[in-house]
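What you see is a predicted model, and the numbers here were worked out from it, not measured in a lab.
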Amino acid sequence: MTTSNSNKILLLGDSHAHVFKLVENAAPDFSISHCIVIGSSAQGAVNPHSKTNALPIFRDVLSKNADSHTHCMTMLGEVDCGFVIWFRKKKYNDSIKSQLERSLNNYFQFLKQEVEKYFPSENILVCCVVPPTIQDNTDKRFLKGARTEVTATQLERAKITETYNHYLSKICSKRGYKFVNPYAYLIDQQTRLPKKDILNKNPYDHHLDHSKTFEYWLASLKDNL
């Protein structure tokens, strides 16, 4: 269906979801309510005792705001693909395969148990995970938090991100969720890495430049509404 002012989206996500503030400004025909928990991961989405406290926060927002919204959109997974998977592999020898399965299972368990309480599956939108931006030659002393401990190359992280998005797409299709996926427009098709012109001006900031990417998100969102 076409977008209209009857589309009111409740957004639950990590810090990458800030891009949708620009999306909303460019699209007055629908509204977005933002609940952003910095550092929230898909693996921790079902853990009521995670460090970010994301699950209790998301639960509270859903219970108080779902009735006044027509759709729910989630944006999680970059923390997993860009940090958690590699950190746990190094520290706990936790295999990438098992972590991918756990992360995806937890993500969709969260959607099933928490989001589907309030929204039908066709009104649930899931965003793809953005490509990794921290380059191999970046001085890790200037990175924030535990990302300094990640030794995987940018291409390794990109491959995991693409694999993650592949499974996100398949599971969304199976469950009837909409997949908001501008990934192909965010990467160089030859290198499979983010296009250089959309990188953040700060080389130590792992977010893409929202001002140069929001139009891709807007187009994909409109395609799914």
Counting distance only, does the side-chain N/O of Asp80 pair as donor-acceptor with the main-chain N or O of Ser103 below 3.5 Å? no
With a 6.0 Å cut-off (strictly less than), is the heavy-atom count around CD of Glu215, excluding the residue itself, greater than 12? no
Is Gln43 reaching over with its side chain to a backbone N or O of Asn106, donor-acceptor style, under 3.5 angstrom? no
So, using side chain to side chain donor-acceptor pair (under 3.5 Å) as the criterion, who are the partners of Glu156 when residues are at least two apart? Thr153
Please determine whether side-chain contact (heavy atoms from CB on, under 4.5 Å) holds for the pair His69 and Phe119, giving the CA-CA distance in whole Å, both sets of side-chain angles, and the decisive distance to 0.1 Å. CA-CA 9 Å; His69 292 77; Phe119 297 91; 4.2 Å; yes
With sequence neighbours excluded, residues passing salt bridge (charged side-chain N to carboxylate O under 4.0 Å, His left out) with Glu24: none
Is the number of heavy atoms from other residues, nucleotides or ligands within 6.0 Å of CG (Asp197) greater than 12? yes
Tell me whether the rings of His16 and His206 are parallel (<30°), tilted (30 to 60°) or perpendicular (>60°). perpendicular
Check: Val180 main-chain N/O paired with Ser220 side-chain donor or acceptor under 3.5 Å: no
Once you measure the plane-to-plane angle for His207 and His210, does it fall in the parallel (<30°), tilted (30-60°) or perpendicular (>60°) bin? perpendicular
Check whether any side-chain N or O of Glu116 sits under 3.5 Å from a backbone N or O of Ser121 as a donor-acceptor pair, and report yes or no. no
Looking only at atom types and distance, does a side-chain atom of Trp217 sit under 3.5 Å from a main-chain N or O of Asn181, one as donor and one as acceptor? no
Whether over 12 other heavy atoms sit under 6.0 Å from Lys195 NZ: yes
Does Glu78 use its side chain to pair, donor to acceptor, with the backbone of Val130 at less than 3.5 Å? no
Given Phe58 and Cys35, is the side-chain contact (heavy atoms from CB on, under 4.5 Å) satisfied, shown in steps? CA-CA 7 Å; Phe58 290 154; Cys35 177; 3.8 Å; yes
Would you say the side-chain atoms of Ser169 pair up with the backbone N or O of His166, donor to acceptor, closer than 3.5 Å? no
What is the ring orientation for Tyr177 with Phe108, classed by angle as parallel under 30°, tilted 30 to 60°, or perpendicular over 60°? parallel
Matching residue for Val37 among Ile57, Val61, Asp14 - test: side-chain contact (heavy atoms from CB on, under 4.5 Å): Ile57
With a 3.5 Å cut-off and no angle check, do the side chains of Thr74 and Tyr107 form a donor-acceptor pair? yes
Inspect the surroundings of OH in Tyr167 and state if more than 12 heavy atoms from other residues, nucleotides or ligands are less than 6.0 Å away. no
Quick one: which residue pairs count as a salt bridge (charged side-chain N to carboxylate O under 4.0 Å, His left out) with a foot in residues 160-180, not counting sequence neighbours? Glu162-Arg192
Decide side-chain contact (heavy atoms from CB on, under 4.5 Å) for Met73 and Cys127; before the verdict, give the C-alpha distance in whole Å, the side-chain angles of both, and the deciding distance to 0.1 Å. CA-CA 7 Å; Met73 180 165 62; Cys127 295; 3.6 Å; yes
If we ignore hydrogens and angles and just use 3.5 Å, is the side chain of Asn123 paired with the main-chain N or O of Thr70 as donor and acceptor? yes
Go through it in stages, so that I can follow the logic: the residues are Phe30 and Leu221, the test is side-chain contact (heavy atoms from CB on, under 4.5 Å), and I'd like the CA-CA distance, side-chain angles, deciding distance and then a yes or no. CA-CA 11 Å; Phe30 58 82; Leu221 180 57; 3.5 Å; yes
